[in-house]
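Working notes, structure below.
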Amino acid sequence: MNIKRIFQMSIILVLSVVLVACGDSDEAGSNEGNKTNDKPISIGLINWPENVAVNNVWKVLLEEKGYEVDLQQLEMGIIMEALNTGDLDVGMEVWLPVQDISYYEKYKDSVNFNETPWFENGKVGLAVPDYVDEVDSIEDLNEHKDLFNGKIIGFEPGAGTMETAELMIEDYELDYELLPSSEGAMLGALKDAVNKEEPIVIPIWQPHGIFSEVDLKFLDDPKKSFGEVEEISLATRDGFAKEYPEVQEWLSNWSVDDDETMGELINFVNENDNHLEGAKEWVEENRDLTDEWVK
């Protein structure tokens with residue numbers, strides 16, 4: 001075989017390898033749709049039932065689409081600062097116009113707050129068990145201070161609702177102390193009080209799975225310290241939409257329209273010892289809804 005023939009065959013072999021590689025690349029690209037970034041998507045997870053549920057459901061949905069998702073358990077203030085610095089991609093739960101307004105005002109120029117809420121009927125306030133007949137309004141609390149030992153049992157400091165509760169104490173000139181703890185500790189204290197039919201007052205929000213376990217009543221809030229209807233939306237770091245256009249579109253368009261569906265989602269995920277497995281089961285049982293979210 002002469003040198004010219006060898007050279008021609010070498011060229012053909014090289015071109016064949018290149019064409020095969022390009023074909024593989026095109027196929028991979030078609031499988032990934034609009035995916036332009038192979039880095040894991042980092043989402044801040046707060047240990048609140050609705051946040052646990054929503055985060056795990058989106059981890060399931062995004063990983064089905066070929067993305068890697070890293071859920072990082074953090075507190076609200078840390079999540080917002082991490083979005084600001086670009087160390088976190090998504091924070092799934094921002095309550096406006098009242099509860100998280102301080103975060104919005106601080107970061108509105110550096111963090112992208114989604115304009116469309118994923119839940120429109122949120123409610124936040126002080127609540128007591130239904131059997132506590134002595135109080136129906138926040139204005140009644142000072143008169144019955146001894147009933148509650150002058151304590152409002154709270155959860156994680158730095159949460160928007162805790163900051164709002166501090167302002168509420170000033171608004172109503174309550175002679176009460178707001179005790180920070182954790183959500184788990186607050187709910188444990190609530191359940192213990194209910195088992196003993198003792199009075200307790202807590203800051204709480206809806207949607208929340210506790211309303212399916214305990215009969216609670218929100219106290220009237222004539223000064224509107226906690227606002228009225230709250231909307232829940234999400235926030236992303238600057239540049240996220242450009243790097244993950246497909247995911248940004250999905251996250252911008254999804255919503256849960258009713259309390260019943262949201263309550264079922266919260267309980268389904270949180271009642272499973274493995275939250276991710278609970279989320280997978282919920283997704284399978286609600287494909288008609290989730291397919292609309294990611295179409």
Side-chain angles (χ1 to χ4, degrees), residues 46-53 93 95 98-99 119-156 159-232 256-271:
I46 310 173
N47 195 27
W48 302 338
E50 76 284 358
N51 199 281
V52 169
E93 189 170 350
W95 291 63
V98 175
Q99 307 309 311
F119 190 80
E120 296 183 335
N121 300 308
K123 181 176 176 61
V124 181
L126 292 187
V128 299
D130 265 356
Y131 56 75
V132 180
D133 297 325
E134 290 86 349
V135 295
D136 293 302
S137 169
I138 296 175
E139 292 181 319
D140 299 332
L141 287 174
N142 273 342
E143 182 182 350
H144 299 282
K145 176 185 174 182
D146 292 343
L147 193 65
F148 302 97
N149 295 316
K151 309 292 185 185
I152 299 171
I153 309 301
F155 51 103
E156 286 86 358
T161 296
M162 287 289 283
E163 294 182 355
T164 303
E166 291 282 9
L167 296 174
M168 175 274 305
I169 289 175
E170 296 178 11
D171 290 343
Y172 287 92
E173 298 181 350
L174 295 183
D175 189 16
Y176 276 71
E177 181 183 4
L178 177 63
L179 298 181
S181 59
S182 67
E183 187 201 7
M186 180 184 75
L187 297 179
L190 171 64
K191 293 175 182 179
D192 185 59
V194 169
N195 287 336
K196 300 174 182 177
E197 291 197 11
E198 294 177 347
I200 186 173
V201 57
I202 63 171
I204 196 66
W205 58 95
Q206 201 170 28
H208 196 296
I210 193 62
F211 286 90
S212 67
E213 302 179 49
V214 176
D215 291 327
L216 294 172
K217 65 178 179 181
F218 279 106
L219 298 182
D220 291 339
D221 180 13
K223 295 182 184 293
K224 307 301 180 188
S225 294
F226 286 101
E228 296 182 86
V229 176
E230 290 280 282
E231 295 182 338
I232 311 175
V256 179
D257 295 331
D258 60 89
D259 293 336
E260 182 177 354
T261 300
M262 194 67 223
E264 289 175 355
L265 167 58
I266 291 170
N267 289 334
F268 207 105
V269 174
N270 284 274
E271 288 174 3

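Position 1 is the first residue of the sequence, and the numbers go up from there.
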List in chain and number order the residues that pass side chain to side chain donor-acceptor pair (under 3.5 Å) with Glu163, two or more places apart in sequence or in another chain; answer none if no residue qualifies. Ser102

Closer than 3.5 angstrom, by distance alone: can the side chain of Glu230 be matched with the main-chain N or O of Gln99 as a donor-acceptor pair? yes

From Met262 atom CE to Leu265 atom CG, the distance as rounded to the nearest 0.5 Å: 4.5 Å

Which pair of non-hydrogen atoms, one from Asn270 and one from Pro49, has the smallest distance, and what is that distance? ND2-O, 2.9 Å

Name each donor-acceptor pair under 3.5 Å that joins a side chain in residues 200-210 to protein atoms two or more places apart or in another chain, with its distance.
residue: Trp205; atom: NE1; partner: Glu50; partner atom: OE1; Å: 2.9
residue: Trp205; atom: NE1; partner: Glu50; partner atom: OE2; Å: 3.0
residue: His208; atom: ND1; partner: Ile210; partner atom: N; Å: 3.0
residue: His208; atom: NE2; partner: Glu183; partner atom: OE2; Å: 2.6

Check for a donor-acceptor pair, side chain of Asn51 on one end and backbone N or O of Ile46 on the other, with a separation under 3.5 Å. yes

When you look at CG of Asn195, are more than 12 heavy atoms from neighbouring residues, nucleotides or ligands closer to it than 6.0 Å? yes

Could you tell me the separation between the CD1 atom of Ile169 and the OG1 atom of Thr164, rounded to the nearest 0.5 Å? 11.5 Å

Rounded to the nearest 0.5 Å, what separation is found between the CD atom of Glu231 and the CZ atom of Phe119? 10.5 Å

Check whether any side-chain N or O of Asp221 sits under 3.5 Å from a backbone N or O of Lys224 as a donor-acceptor pair, and report yes or no. yes

Which residues pass the side chain to side chain donor-acceptor pair (under 3.5 Å) test with Glu213, not counting sequence neighbours? Lys191

When rounded to the nearest 0.5 angstrom, what distance separates CG in Asn47 from CZ in Phe155? 12.0 Å

Donor-acceptor pair, side chain of Tyr172 and main chain of Asn142, under 3.5 angstrom: no

Counting C-beta onward and ignoring hydrogens, is there a side-chain heavy-atom pair between Ile153 and Leu190 closer than 4.5 Å? no

Under the rule for ring pair (Phe, Tyr, Trp, His ring centres under 6.0 Å), what residues qualify as partners of Phe148, not counting sequence neighbours? none

If you measure from OH on Tyr176 to CD1 on Ile138, what distance do you get to the nearest 0.5 Å? 11.0 Å

Contact check, side chains of Glu264 and Glu260, non-hydrogen atoms, under 4.5 Å: yes

Heavy-atom closest pair, residues Leu178 and Ala165: CD2-CB, 3.8 Å

Residues Met162 and Glu156: closest non-hydrogen pair is CG-O, 3.3 Å

Output for pair (Lys151 NZ, Glu177 CD), nearest 0.5 Å, gives 4.0 Å

Pairwise side-chain hydrogen bond (donor to acceptor under 3.5 Å, both in side chains) hits with a residue in residues 125-141, at least two apart: Asp136-Lys217

Shortest non-hydrogen contact from Met186 to Gly154? CB-O, 3.4 Å

Which is it for Val135 and Val128 under the side-chain contact (heavy atoms from CB on, under 4.5 Å) test, yes or no, and what are the steps along the way? CA-CA 8 Å; Val135 295; Val128 299; 4.3 Å; yes

When you check the gap from the basic side-chain N to the acidic O, do Lys145 and Asp175 get nearer than 4.0 Å? yes

Phe211: what forms a ring pair (Phe, Tyr, Trp, His ring centres under 6.0 Å) with it, not counting sequence neighbours? Phe218

